[in-house]
Amino acid sequence: TSRYDSARGIAMDLGGSSGPRDVWEIRIDERNLIQTLDSPLERQYQVVGNGTVPVAGMKLIDAGA
């Protein structure tokens, strides 16, 4: 997602009783992404590919627990 609030909400939902998950900014070549939401306020993507997908960079945005 392109919005921090959405990423934080997903981290909270998927964390369950363990508490929120970490939020990371991940850089991936756009050839390995499908855009699943395109609105004026937010864009969301899904990673596609066979096996692993190369990551160009990662940055911790919010430590969940």
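None of the values given here were measured: they were computed from a predicted structure.
Sequence neighbours left out, not one pair with a member in residues 49-60 passes side-chain hydrogen bond (donor to acceptor under 3.5 Å, both in side chains).
D62 is linked by a side-chain hydrogen bond (donor to acceptor under 3.5 Å, both in side chains) to Y4, R8, counting only residues two or more places apart in sequence or in another chain. With sequence neighbours excluded, the residues that form a salt bridge (Lys or Arg N to Asp or Glu O under 4.0 Å) with D5 are R3. For the side chain to side chain contact (heavy atoms under 4.5 Å, CB included) test, residues two or more places apart in sequence or in another chain that qualify with L14 are I10, R21. Every residue meeting the side-chain hydrogen bond (donor to acceptor under 3.5 Å, both in side chains) condition with E42, not counting sequence neighbours, appears here in chain and number order: T1, S6, Q44. Among residues two or more places apart in sequence or in another chain, the side chain to side chain contact (heavy atoms under 4.5 Å, CB included) test is passed with Q35 by D38, R43, Y45. For R27, the side chain to side chain contact (heavy atoms under 4.5 Å, CB included) partners two or more places apart in sequence, or in a different chain, are E25, A56.
When all heavy atoms of D22 and G64 are compared, the pair lying nearest together is OD1-N, 2.8 Å. Nearest heavy-atom pair across P54 and N32 is CD-ND2, 4.0 Å.
The hydrophobic clustering, which links ILVMFWY residues whose side-chain heavy atoms are closer than 4.5 Å, places I28 and W24 together.
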Worksheet item: How far apart are the C-alpha atoms of L33 and V48, what are their side-chain angles, what is the distance that settles it, and do they pass the side chain to side chain contact (heavy atoms under 4.5 Å, CB included) test?
Response: CA-CA 6 Å; L33 297 174; V48 294; 6.0 Å; no
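Once rounded to the nearest 0.5 Å, the distance linking CE of M58 with CD1 of I26 reads 4.0 Å.
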